[in-house]
Amino acid sequence: MQAEKEEEEAFPEEYVALCDFTASGSEQLGFSTGDKLLVHAKPSADWWWAELQGVIGYVPASYLRQDAAEDEEDTSLEDPWQDDEYFGSYGTLRLHLEMLSDRSRTETYRQVIVSNSASLRNKVVMDLGCGTGIISLFCAQLAQPSVVYAVEASSMAEHTRQLVKQNGCEEVVTVLQGRAEELELPEQADILVSEWMGNCLLFEFMVESVLLARDRWLRDGGVMWPSSAALTLVPCQADSYYSEKMAFWERPYGLDFTPLQPLAQQEFFTKPKFSHLIDPKDCLSAPCDVICLNMYTVQVRDLEEMEGEFKFCVVKPGVFHGFTAWFTVQFESLEAGGATVELDTGPNSDPTHWKQTLFMLDNPIHVYGGDSIRGNIVLHRNPVWRRHMTVTLHWNINSSSDNCQVGTKSFPMWR
Ligand SMILES: C[S@@+](CC[C@H](N)C(=O)[O-])C[C@H]1O[C@@H](n2cnc3c(N)ncnc32)[C@H](O)[C@@H]1O
């Protein structure tokens, strides 16, 4: 009783909006930068129940900061890039083991180097975020660049120097330890190669570092590898995940646990599921590229909000549980008549360590062959936490039975 009373007294709390938010759906509350909101409840870590000028609705928690002077000091001490945590994790072997064990990924980079070895001769290469130096070592051993600047911000760089030496590449590969944004290169690069992709292509936003390095260190007419990238989406069934996390509560041990289902929805379906491996037969239609990046022209400011449209034609009857996303990147060939190399993280290629990302709807919908699912996807970069974003999906199902259903859902990744 006492705890309940204290909680009641704690609300409402005053918060200030850090940036504009456009409501999608009648349950959400839109606001503008600087608006003062009263938060009445925090039913989940990501979505709060708040009031603005007498109107009430759900608001994304990460867009707000507490309106209290003593709190300001605390948050401003935190790094919006979370670099200590980010580079700290790349300073240990766990992630490098995962990446190097991913043969599809690593072999694709090797293939790019091998199939362009003639064009790499005497070229200056910048390998941004070299990690253990694998791409730099491929360049030095399989082609004859004049130099490879292997740039790495984490403490792994110290080991990479040793690996370069151990493999007899120290004449060609120079390891530079530091954040690419803060380093000076002795010269402009002819080729900027990097493995920067995250879940749903953009998560972690290492791509920003690559674009800044492009603008600063790539000579006019220089080459970007990857040269382009695309995010792909498909409406899908996810029967076993749905059963495991939601249908489970229908009758465990012969008891009715359905009152826990709204909680299950919050806990399991609010954020996307990383590391999902979709079976191609669970795709309800052909996939569609929704966002395409040209790595020569995309600007850092474009990353703030990326929007793509889709129109899927359902090819078979099934249960529409959600959308699955993955990405592809392309490496243009520098050889006359050479073929573009592609790294495809989708369900029709060998699995990679990224696997796919599943976005579950709150309620499954029956769909039939010939139905159409149209809509759009918006990737909204978190205005505070620069490695995070919110993915919003709007959809509209037109079925042959004349039913039209619309829906919208936002998924924080992770803040
Ligand atoms: C996805 S890993 C790729 C590692 C390696 N290239 C490979 O293919 O195995 C990205 C690496 O880039 C580094 N990195 C990320 N942003 C960076 C930046 N701004 N400057 C320097 N290194 C960075 C990380 O520490 C990490 O080791």
Side-chain angles (χ1 to χ4, degrees), residues 79-114 125-142 145 148-164 167 169 173-185 189 191-218 224-226 229 274-275 295 300 303 327 329 331 341 343 345 352-355 381 385-388:
D79 170 14
W81 282 88
Q82 301 165 291
D83 275 357
D84 285 351
E85 190 184 333
Y86 179 75
F87 291 123
S89 63
Y90 281 115
T92 63
L93 282 187
R94 190 180 58 84
L95 291 178
H96 296 286
L97 178 61
E98 187 182 15
M99 292 185 291
L100 296 175
S101 307
D102 177 347
R103 293 196 74 84
S104 313
R105 177 202 84 111
T106 311
E107 292 290 358
T108 302
Y109 276 84
R110 176 164 35 199
Q111 193 195 336
V112 172
I113 308 302
V114 170
V125 178
M126 177 180 189
D127 173 8
L128 198 165
C130 68
T132 53
I134 185 77
I135 302 172
S136 298
L137 292 168
F138 285 160
C139 287
Q141 294 206 327
L142 305 169
V148 181
Y149 295 111
V151 175
E152 174 56 46
S154 77
S155 59
M156 188 51 59
E158 292 151 34
H159 303 288
T160 308
R161 262 191 209 111
Q162 199 186 348
L163 298 179
V164 167
N167 288 281
C169 295
V173 179
T174 302
V175 178
L176 301 171
Q177 182 171 5
R179 230 176 171 269
E181 291 84 337
E182 287 146 24
L183 281 176
E184 293 295 321
L185 248 56
I191 291 146
L192 171 49
V193 62
S194 182
E195 196 279 78
W196 52 263
M197 298 79 73
N199 284 294
C200 254
L201 187 63
L202 293 180
F203 184 59
E204 294 184 359
F205 286 90
M206 180 180 161
V207 65
E208 171 165 327
S209 306
V210 174
L211 300 184
L212 294 173
R214 175 198 68 190
D215 295 346
R216 189 148 178 237
W217 296 114
L218 191 66
M224 293 292 288
W225 275 341
F274 283 174
S275 293
M295 292 303 291
V300 171
L303 305 173
F327 66 83
V329 292
F331 302 81
V341 175
L343 171 60
T345 66
T352 66
H353 74 288
W354 290 281
K355 300 183 183 152
R381 191 170 179 187
W385 304 104
R386 304 307 280 155
R387 295 197 185 276
H388 301 247

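Note that the coordinates shown come from a computational prediction; the quantities given were computed from them, not determined experimentally. Start at 1 and go down the list; that is how both ligands and their atoms are numbered.
- None of Phe274, Trp196, Trp385 except one satisfies the ring-ring contact (aromatic ring centres under 6.0 Å, His included) rule with Phe203; the exception is Phe274.
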task = Verify salt bridge (charged side-chain N to carboxylate O under 4.0 Å, His left out) between Glu208 and Arg381, making sure each step is shown before the conclusion.
result = CA-CA 12 Å; Glu208 171 165 327; Arg381 191 170 179 187; 2.8 Å; yes
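- Contact atoms of ligand 1 toward Gly178: 20 (N), 21 (C) (distance under 4.0 Å to a heavy atom of the residue).
- Annotation: Glu181 places an N or O atom under 3.5 Å from an N or O atom of ligand 1; distance criterion only.
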Residue pair Met99, Arg105: steps toward the side chain to side chain contact (heavy atoms under 4.5 Å, CB included) verdict = CA-CA 8 Å; Met99 292 185 291; Arg105 177 202 84 111; 3.6 Å; yes
inquiry  = Go through it in stages, so that I can follow the logic: the residues are His159 and Glu152, the test is side chain to side chain donor-acceptor pair (under 3.5 Å), and I'd like the CA-CA distance, side-chain angles, deciding distance and then a yes or no.
reply    = CA-CA 11 Å; His159 303 288; Glu152 174 56 46; over 6 Å; no
Name every donor-acceptor pair, under 3.5 Å, that has one atom in a side chain of residues 173-182 and the other anywhere in the protein, sequence neighbours excluded.
unit_1	atom_1	unit_2	atom_2	d
Gln177	NE2	Ser154	O	3.4
Arg179	NE	Asp83	OD2	2.7
Arg179	NH1	Glu181	OE1	3.3
Arg179	NH1	Glu181	OE2	3.1
Arg179	NH2	Asp83	OD2	3.2
Glu181	OE2	Ser209	OG	2.7

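- Distances below 4.0 Å separate heavy atoms of Ala180 from the following atoms of ligand 1: 18 (C), 19 (N), 20 (N), 21 (C).
- A salt bridge links Glu184 with Arg216: the distance from a Lys NZ or Arg NE/NH1/NH2 to an Asp or Glu carboxylate oxygen falls below 4.0 Å.
- Counting only heavy atoms of the protein, atom 5 (C) of ligand 1 lies nearest to Cys130 O, 3.3 Å.
- Evaluated by nearest non-hydrogen atom to atom 13 (C) of ligand 1, the leading choice among Gln177, Glu98, Glu152, Arg179 is Glu152.
- The closest heavy-atom contact to atom 16 (N) of ligand 1, among the options Phe87, Tyr109, Trp81, comes from Phe87.
- Separation of atoms CG (Leu183) and CH2 (Trp217) is listed at 8.5 Å; rounding is to 0.5 Å.
- Around atom 21 (C) of ligand 1, the closest heavy atom drawn from Gly129, Ala153, Ser209, Ala157 belongs to Ala153.
- Each of the atoms 7 (C), 8 (O), 9 (O) of ligand 1 lies under 4.0 Å from some heavy atom of Ile134.
- At the top of the distance list for atom 2 (S) of ligand 1, counting protein heavy atoms only, stands Met99 SD, 3.4 Å.
- In the candidate list His96, Arg105, Glu195, Arg105 is nearest to atom 7 (C) of ligand 1, counting heavy atoms.
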